[in-house]
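Proteins get letters first, then strands, A, B, ... in listed order; numbering begins at 1 in each. Note that the coordinates shown come from a computational prediction; the quantities given were computed from them, not determined experimentally.
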Amino acid sequence: MKHIEAVIRPFKLDEVKEKLASIGIKGMTVEEVRGFGRQRGHTEIYRGAEYTVDFVSKVKIELVVEDAMAPALVAAIREAAYTGEVGDGKIFIMDMGDAVRIRTGETGGNAI
Amino acid sequence: MLQSGDTAFVLVSAALVLLMIPGLALFYGGMVRKKNVLGTIMQSFILISLVTFEWVYLGYSLSFGPDVKGLIGSLAWAGLSGVGATPNPDYAGTVPHLAFAMFQCMFAAITPALITGAVAERLRFGPFLVFSLAWTILVYNPVCHWVWGNGGWLKEMGVLDFAGGIVVHLTCGAAALAAVLAAGPRKDHGRHQIVPHNLPMTLLGTGLLWFGWFGFNAGSALAADGVAAGAFAATHLGGMAGMAVWCLVEWRHRGKPTTLGAASGAVAGLATITPGAGFVSPGWAIGIGMLAGLVCYGAVLVKARLRFDDSLDVVGIHGVGGVLGTLLVGVAASKLVNPAGADGLAFGNPGQLGLQALAVVVVGVFAFVVSWLLLVAIRAVMGLRLAPQAETIGLDLSEHTEAAYGE
């Protein structure tokens, strides 16, 4: 099993979700996060004083899939989250030990 | 002859109407996405400054100044020249002329603010200011003169508009329709879900609007008298009936009553009772409010069917409410309620309904056409819309370099 984390632009979430649904992904976890990479932050001004906001709002999605599914999943996220500008985000792929469905106690591939 | 009671009442009413502007800002602000809440609030708030400037130097005189051929006021009172403590018996014989001018100033300021809801989340601040200023001069001031100005042609014909069904709600509704067509839909409209970010804020705004509406309508009696009490009662009854019916219809139609439905129904009822507030009995006020809840609910559904991006339903609630309320004055007005008014259809005078319908058509077409031409001209010269990327980032950061919700 693979654990896949993708940090993407918030407004791309709907497109990514729809794309993943179309290739048969049945669930994901989503979180609002902030961070920085190569994309610069922005300036905010309050009563004339300038503040640099280094951390940019992003959305992190997490999924666990069977090994064979991982390449298609990564390709789908790339396609749907792409704008071509700096700041499109990153995808992290990790090996996953096991998974358990709380309701039934199923493990491994049956649990995801 | 100055009367202290009337003067105190009109001054307090003016302050109540002012409070409707931040109320409207919160009402709208809660309905947009959180990246646009400050920009949306600002589009209402800043009009206090912009329109008040215009009102002092130009607008009051154009609207209420000495009549020129029934169409517009002259510039004799520009800069509030001669507008002071002495009452003007043409408008309000017992309160200082200046109190009347300030009371009316608040109406002028909130009307263009109402339009902004139709094109929320996509206008640049500069073009929005240019439009609001030009619109106040070219649409609000003339229509205000026609309906309320001494010698205005619709007023002379006998058209009734107690507190702004025509002058405020119909003009802003027609302009909102023009703005939706001229500006086009938001990028995400129909492609992504766009849901309100803070409904408690919208409900708070609704409460402030309702509170301020007592000044708007009862204050339009311009005296602390029986007509004011009648308008106060009608306002409350119209609002409560609109809220109740919207909720009931929604409950029946969608399975659950919603808080945004309650807010929308209240505002629909309040807007619809506005032109008749001082002319109709309490029983009719309840009927008018109930009809508003039903008809405006339907209008909002039709909008969705037509795929118009009237983002916060200005046409469906204020435009339709203004038209409905103005026509119903022609049915329900009674000289028993207000001897200075007229009898409507239900009291043996069908001609009044014809007059009201004429005013709706003339003002509706005038406001729509002038607004459309203005918007198209501004679009050609400076553009109306945010750049696509700025629209994605949101008004708050792209137009105001701020974020509403910090750490």
Side-chain angles (χ1 to χ4, degrees), chain A residues 6-23 25-61 76-90, chain B residues 25 29 31-43 45-46 48-49 120-126 129 184-199 304 307 309 311 385-407:
Chain A
V7 178
I8 61 169
R9 296 182 190 273
F11 73 93
K12 282 289 189 180
L13 178 61
D14 281 349
E15 280 169 62
V16 170
K17 184 199 73 190
E18 278 153 30
K19 184 75 194 169
L20 295 188
S22 78
I23 64 165
I25 298 293
K26 295 204 171 55
M28 65 168 80
T29 305
V30 177
E31 210 179 337
E32 288 181 17
V33 295
R34 298 181 312 130
F36 69 89
R38 282 191 214 165
Q39 183 187 13
R40 286 174 34 238
H42 58 261
T43 304
E44 295 178 5
I45 301 175
Y46 299 97
R47 288 196 175 144
E50 238 178 74
Y51 299 83
T52 307
V53 178
D54 293 322
F55 294 104
V56 183
S57 290
K58 296 284 169 188
V59 164
K60 184 165 86 175
I61 59 181
I77 295 174
R78 268 208 70 199
E79 191 188 323
Y82 182 84
T83 70
E85 303 287 319
V86 174
D88 277 351
K90 290 194 176 60
Chain B
M31 280 191 265
V32 298
R33 290 166 291 179
K34 68 180 174 206
K35 62 185 179 180
N36 292 313
V37 57
L38 293 175
T40 301
I41 287 174
M42 187 67 158
Q43 287 180 355
F45 234 91
I46 197 63
I48 297 174
S49 288
E121 301 193 305
R122 55 201 189 273
L123 291 193
R124 275 177 23 243
F125 195 58
L129 290 176
R186 290 166 290 181
K187 253 176 356 113
D188 292 344
H189 181 70
R191 295 178 56 226
H192 298 298
Q193 297 182 30
I194 303 178
V195 294
H197 93 286
N198 188 339
L199 283 180
R307 297 180 180 278
D309 189 11
S311 311
R385 296 280 299 250
L386 292 168
Q389 215 171 4
E391 196 176 323
T392 299
I393 293 168
L395 285 170
D396 298 6
L397 262 181
S398 70
E399 293 295 286
H400 306 292
T401 65
E402 289 170 302
Y405 306 102
E407 299 299 303

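Within the model, atoms NZ of B/Lys35 and OG of A/Ser57 stand 11.0 Å from one another, a figure rounded to the nearest 0.5 Å. Note that NZ of B/Lys187 and CZ of A/Phe11 are 6.0 Å apart. Values are rounded to the nearest 0.5 Å. One distance of note links NZ of A/Lys17 with NE2 of B/His192; it measures 10.0 Å at 0.5 Å rounding.
Applying the 6.0 Å contact sphere to OH of A/Tyr46 captures more than 12 heavy atoms from other residues, nucleotides or ligands. Crowding of A/Glu18 atom CD: a count of heavy atoms from other residues, nucleotides or ligands under 6.0 Å exceeding 12. Within a 6.0 Å sphere centred on CZ of A/Arg78, other residues, nucleotides and ligands contribute 12 heavy atoms or fewer.
The minimum heavy-atom distance between B/Leu397 and A/Thr43, with the atom names listed, is CD2-O, 4.2 Å.
Of the listed residues B/Ile393, B/Thr401, B/Asp188, the one with more heavy-atom pairs under 4.5 angstrom with chain A than any other is B/Thr401.
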